[in-house]
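Structure first, then comments.
Quick caveat: nothing in here was measured; it's all calculated off a predicted structure.
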Amino acid sequence: MAWRWVLAAVLATSSLSLLGSAFNEFTSDTLINNVVQDPITSRLYVGTVNTLYQLDQSLHSEARTRTGPELDNRQCTPPVTSCEEAVETDTITSCSSFHPSKDILIVCGSLYRGIWFSEEPVYVEQAATNTDLWKFNSSSLSPFFSPFFPLSLFPLSLFLCLFFQDEGFVYVLFSRTLGLQLNCSAGNKYNKVQAAYVALPGEALAKNMSSSGQYGPVGAQDKVVFVVFSSDDDSSAVCMYPLRAINQRLVEIIGACYRTKGQINNKSAVYSPYSSKSDELCKIENEEVYGRAPGEKTGDKVNKNLLFDTSLTHLYITTEKKVSRHLNVELYSITDCKSCVAQKDPYCGWCVLQGKCTRKGDCPRAEDDNTWLWSPNQQCVQIQAFNPPNLSCRKTNYNHLLFSLQADSCPQFENPDPHLIPVGHPIPISFQGKNLDIYKDCSLCKNADPKYNCVWCANMRSCVYRKLCGSQEPAQCPNPKITDIIPRFGPLKGGIVVTIKGSNLGIKEEDIKKVTVAGVDCVHQGDRYSVSTRYSDSGGVEVEGGRTGRSEVLFTYRDPIPEKVSPSTGPAAGGTVITISGKHLDTANKDDVIVTVGGTPCKVLSFGSEITCETGVYKGQKVPSETLSVSMRYGKSTTKDVPGSFQYSENPKLTDYSPKNIQRLTASHLSLSPQGRGFSKAMTAEEAQAFVGDASCKVTILQDDKLFLEAPSTQPRARSKRQRRDTSSDPLDLTIKFGNGEWVVGSVNYERKYEVPLAIIIPAVIVPMLLFIAVSVYCYRRKSQQAEREYEKVKHQLENLEESVRDRCKKEFTDLMIEMEDQTNDLSEARIPFLDYKTYTDRVFFLPSKDGDNDVMITGKLDIPEGRKVIVAQALNQFSNLLNSKTFLINFIKTLEGRPDFNARSRVYFASLLTVALHGKLEYYTDIMRSLLLELMEEYVHSKNPKLMLRRSETVVERMLCNWMSICLYQFLRDSAGEPLYKLFKAIKHQVEKGPVDAKMKKAKYTLNDTGLLGDDVEYCVLTLQVLVHGEGPDVTPVKVLNCDTISQVKEKIIEQVYRNLPYSQRPKVDSVALEWRPGSTGQILSDMDLTSQKEGRWKRLNTLAHYNVSGCLRTSSVIFCLMPTEHVHGVPVENALLEDDKVFHLVRPVDELDDVKSKRGSLKAKATTKAIAEIYLTRLLSVKGTLQQFVDDFFRSVLCSGAVVPPAVKYFFDFLDEQALKHDNVEEETVHIWKTNSLPMRFWVNILKNPHFIFDVHVTEVVDASLSVIAQTFMDACTKTEHKLSRESPSNKLLYAKEISTYKKMVDDYYKGIKQMVPVSDQDMNTHLAEVSREHTDTLNTQAALHQLYQYASKYYDGIIQSLDEDPAAQSKQLTLRLQQIAAALENKVTDL
């Protein structure tokens, strides 16, 4: 719409890019909060912290008044005279405005809860017209108040404080909705007022507003409020509201509040977020009442107080502590129509008659059509055709030229194209113009060659062909016009040459009769005169016939003041470039200035605000000289001195240099070092010059006694022609130059290597090369044959090894299957130790927390006094209801995530608490999760790498998703995937415990993890113990153990076998039982450490069955296993004390802790064999992998088989990801695959696979965990799209399953494709499923404990949450702030300001 363009043009005038330089400025010591302008006197009133200023139009301070600090406190109710908490408090003068009907200023501040006061006015004597300047303090008795709401209830940050009047109403516009709500978008996105302005719309805007049909007829004289709004995402918009429409609405609201209890059409008429009775007050329900147009921010440090002066020619700009006055627009820098119109500035347009960008008042006949262009409906003028085709002269805009007329200098058209034209048919012809802009004024026209018949036509005010002028040529030209003066500044005593440029300055030098500058006659220098355009001297000018002209350009007399000279020293040989700085040094021209140093001329190099010159040769006798004055002469009459500012020093002395010989082609930069004295006193390194021959050398370092040069790496040529004729091996001169002084230090020799003839070089190179190639080929063939033989040998060894591993795997697998069959024949869900739902969720959600098993969510113990339990329970129920408000919960989560101390651990724990607290409404929990996921997805898709989404639990919603998956897949674990996972765990545990396991190093002989592989050959045998449990009858249980097992390992295996039908949590712990061995009639208590333990140097070995001579492999031994408290068994305390010693090992001692004595005595061979090479045992990984392969495949199939039962949550969530991906063009199929992998396999299955104790009542040892980690990593690799390139350097864990990875990847792809083809799960079906889960399990969870822990976060970040709710209109309408305050009062047992 056109009015949007017009409104954008209004905003564009405030752009800083169009502003000129500031004429005046005002600076405050404290932050500026607000600036308002008196519309009558144009004075400015600036509100700062504790002070209010009155400024004139030029920003000069006229008056000031103190507004603070005063005694106040947020807890005090005005007046504060009786409030004990009151302290000295700064006041922020947040808003001020003029009373529309009285000549007074109304001010509001941050004191006394934002109540506005007025007092006696401050009289300003300096002002011609007195304006009442009002302030406020505690003694005032006349507060300003709203008819709708008491302002003392609202924070000051809500106010914009714009005052205006229309038709009997006084308006106050707030930055937050309090009364009549002004909507700027359909969803009230733009809900924060930043600035506002009341003005007439103009005809074009009024017409468009009327045609929209939203406001009724709007006239050009009807007032309109233009308001700038912003949103939470930093976007902005401008909306406009006719005051007449607002008046009508206010009359309706006021009538409704008195007659119909605030109801209009059975709806509340006023929106009141801060009152506890919002339902009874008035609010507006209109959507998109007025139009809007987008706008841009002006910058970080420029605030919204942008004001025009009353003439609209200057703009006041406010920053943090400064108010500056700028030109509205910079028109003269715009040189073409298109650029002028593109500014979209209603004050700036293209004047067609003048051909320049002007204000409307500066353009002649601006009211005529197509004369002053600025509207978007008008276009710039373009010449499409011209007639007649031949012209003798053409008027152009003036640009001064310096030329002498030649015979062919008359304007003309040449080179027509085409040369041949058809008869009777019009076609376009192009010409090349020549000299079209020469005769631009009367003087030039009269001075043209008579043969051109050019005359000055007074009517046309241009130089034309004689027959084209309808009037007689005037005898005299118009008055002279002066356009420029060079230079613009001159010394007070004069005496300089000034050049004046302009038009109609006569035809010959004799025409110039008189020249004056400021009424003083000047001498005209005729030899520098150029016809009509230039003559020398300055000021006003009188030409032949008494015609005079006065310049608009000013010539200024001023006094140049030189102050400083640098550097202050230089060599007597001269050549030092000195810089003279001071004030007004650019007076006159460069040619008018002569500089001397102690009478010695100094050649001027540059002229400006600083002057540089090059010193000449010092002719004095005394060196170093006295400090000399630097003199500057301007013209003939003005001389300025800088006394004692420069001293000539001795010329530097060169004594030696090194090196004297340079070998070519040895380096890219070669260093030379001349020695001497006085270098640094004469010149800097940048001013010094050095040459070797004709090549310049860079001076890198300059000291007083030496300098360093970079000599050319290749030999340059000699500087003199005579030397160039000599041979190239002759030495070259090393020349040092300081200023005008030049010294030849000596000669530099570039050594030449002996040049061997080419006939000798070629055979000498080729023959050895051919010989080398022949020998290399022979050696290569021999090595290849040898390598081939070695390869066949290694291949044969590998085949034997592979066969051996294969046979071993078959045997191990057969044994494992037989042993596993005994345990799984009667395996059923009842025999698998599944955890109940509460224990499962506790471990998944809270076991990884820092408190572990002692976490309050696992123990369920809350430290609440008995007398407050009822109140706390009621408050927690209210807090639960508050969490069920989506507006509150979203604000709650975003506030926490915006805090830097809310780290990743806190986010995970908070999300788990939220999951338990909302478990009763899982469908609501899912809705919150979806909303947050959509925001997270937008963030990653548009500003981050989309593939990284859901990769880590960096946000609350990512952990919420993990918990949601854990809840929804619990039943699937019990029904389908739990059994193969439990069998895999038991198989790994059995395989690991079948061989030796180092109890201290946590390494095993049989494992899948190379880092956990026991890299030593340990001799052991299998023992079958007959175990009799004390107090449980005479039955014995056979238990297989190893004679290298520690006593604790034996106890674990016995407990595992004897209590195999009980879950782990119900079994006795190892530390609670003692093991007694009775080889005969007497018994012996066995322990890991006692007085009989073996010692190897400083190390002690843990006791094993072999240590107690419980031997006889594959034979049975009678062992009594007693269940009794360990403190009642003699010797156990001694064992515990001995185990505290750090120097304890089981099977293998650490390699870096070898006994010193044995190390000294042992042979080198013994030392070399103390630890075997671990790599030779890597084949054990293959053996274990082959044994467990069937169990791994079974688990993968149970998880990644879409043909079987797929949990509805997986289908529902995968469809959600597919749906969102289609809405974004930059989301590829691979990205969706990664999202699905991160949400299910990575978030849930890997976690369960690595932690079987999360779903089963089992104990996972470190050696078993190491193997589970390898399988989990294989599962992760199978789910990625990246192809892993394997090599010899690849980790053994990846090499182990390299062959199976491709199969597993295909399983994952088929699983994702199969789910995509399934029947969709509707929202209703999913909600039904979630409601069933909530109904079945919510009562078992510690919901009250979760709510209590969640409130701890609300308490910690209370202020931030309150602020977030205050800024959210939806939260205000639901009174969420009040509800949270009530809950805080109950839970924290404190009195609030409710």
Side-chain angles (χ1 to χ4, degrees), residues 801-802 804-820 984-1025 1039-1053 1056-1057 1088 1101-1107 1110-1111 1113-1114 1144-1151 1169-1189 1191-1192 1259-1271 1291-1293 1295-1297:
L801 178 61
E802 184 180 358
S804 174
V805 170
R806 186 182 298 111
D807 293 340
R808 189 170 183 178
C809 288
K810 288 181 179 179
K811 180 179 181 303
E812 296 285 349
F813 180 72
T814 302
D815 295 342
L816 178 62
M817 292 302 295
I818 293 174
E819 293 171 0
M820 289 293 294
L984 174 61
F985 164 73
K986 293 292 290 184
I988 293 175
K989 187 174 187 300
H990 181 273
Q991 193 68 9
V992 167
E993 294 178 350
K994 186 179 65 174
V997 177
D998 194 301
K1000 296 296 292 185
M1001 300 182 67
K1002 308 301 180 185
K1003 293 186 177 183
K1005 180 178 181 179
Y1006 299 111
T1007 180
L1008 291 174
N1009 197 317
D1010 59 339
T1011 59
L1013 184 63
L1014 189 62
D1016 290 78
D1017 273 329
V1018 178
E1019 295 183 358
Y1020 69 96
C1021 63
V1022 179
L1023 295 176
T1024 302
L1025 305 183
V1039 179
K1040 286 187 178 181
V1041 298
L1042 305 180
N1043 66 341
C1044 63
D1045 287 342
T1046 65
I1047 304 306
S1048 294
Q1049 289 175 334
V1050 174
K1051 292 180 185 178
E1052 290 176 354
K1053 291 182 179 180
E1056 177 77 20
Q1057 182 63 23
D1088 289 332
R1101 182 190 293 269
L1102 291 176
N1103 296 338
T1104 62
L1105 291 181
H1107 169 73
V1110 181
S1111 58
C1113 293
L1114 302 179
V1144 176
F1145 74 99
H1146 177 202
L1147 299 177
V1148 181
R1149 284 167 49 187
V1151 293
T1169 58
T1170 54
K1171 176 167 174 58
I1173 301 175
E1175 281 73 10
I1176 65 176
Y1177 300 105
L1178 291 179
T1179 54
R1180 294 180 188 166
L1181 303 180
L1182 289 173
S1183 174
V1184 177
K1185 177 219 170 186
T1187 305
L1188 300 175
Q1189 188 62 51
F1191 297 95
V1192 175
H1259 174 61
V1260 182
T1261 62
E1262 292 184 36
V1263 288
V1264 173
D1265 180 71
S1267 295
L1268 286 172
S1269 297
V1270 174
I1271 299 175
S1292 301
N1293 298 341
L1295 293 172
L1296 195 61
Y1297 283 94

**OP:** Please tell me if the side chains of Val1144 and Asp1088 come closer than 4.5 Å, counting only heavy atoms from C-beta onward.
**Re:** no
dist Thr1046:OG1 -> Asn1103:CG (nearest 0.5 Å) comes out at 9.5 Å
For Lys1185 and Leu1296 the tightest heavy-atom approach is NZ-O, 3.2 Å
**Full working for side chain to side chain contact (heavy atoms under 4.5 Å, CB included) between Ile1271 and Leu984** = CA-CA 10 Å; Ile1271 299 175; Leu984 174 61; 4.0 Å; yes
Can Leu1181 and Leu1295 be said to form a side chain to side chain contact (heavy atoms under 4.5 Å, CB included), step by step?
-> CA-CA 10 Å; Leu1181 303 180; Leu1295 293 172; over 6 Å; no
Taking the side chain as C-beta and beyond, is there a heavy-atom pair between Val1270 and Tyr1297 under 4.5 Å? yes
Taking every heavy atom of Val1260 against every heavy atom of Val1264, the minimum-distance pair comes out as CG1-CG1, 4.3 Å
Note: Val992 and Tyr1006 closest approach over all heavy atoms is CG2-O, 3.4 Å
Practice problem: Could you tell me whether the side chain of Val1110 reaches within less than 4.5 Å of the side chain of Val1041, counting heavy atoms only? | Solution: no
Taken in chain and number order and not counting sequence neighbours, the residues that satisfy side chain to side chain donor-acceptor pair (under 3.5 Å) with Asp1265 are none
task = Kindly say whether Cys1044 contributes a backbone atom to a donor-acceptor pair with the side chain of His1146 at under 3.5 angstrom?
result = yes
Value for OG1 (Thr1261) from CD (Gln1049), rounded to nearest 0.5 Å, stands at 10.0 Å
Interatomic distance, CD@Glu1056 vs NE2@His1259, rounded to 0.5 Å, equals 10.0 Å
Exercise. Given side chain to side chain contact (heavy atoms under 4.5 Å, CB included), test Leu1105 with Ile1047 step by step and report yes or no.
Key: CA-CA 7 Å; Leu1105 291 181; Ile1047 304 306; 4.2 Å; yes
No-hydrogen, no-angle side-chain donor-acceptor test under 3.5 Å, Asn1009 and Thr1007: no
query: Can you list the steps and then say if Leu1042 with Lys1053 is a side chain to side chain contact (heavy atoms under 4.5 Å, CB included)?
result: CA-CA 10 Å; Leu1042 305 180; Lys1053 291 182 179 180; 4.0 Å; yes
Interatomic distance, CG@Leu1147 vs CZ@Arg1101, rounded to 0.5 Å, equals 7.0 Å
When every non-hydrogen atom of Gln991 is compared with those of Leu1188, the smallest separation belongs to CB-CD2, 4.4 Å
Nearest heavy-atom contact between Leu1023 and Asn1043 is CD1-CB, 3.9 Å
Value for OG (Ser1269) from CD (Glu1262), rounded to nearest 0.5 Å, stands at 11.0 Å
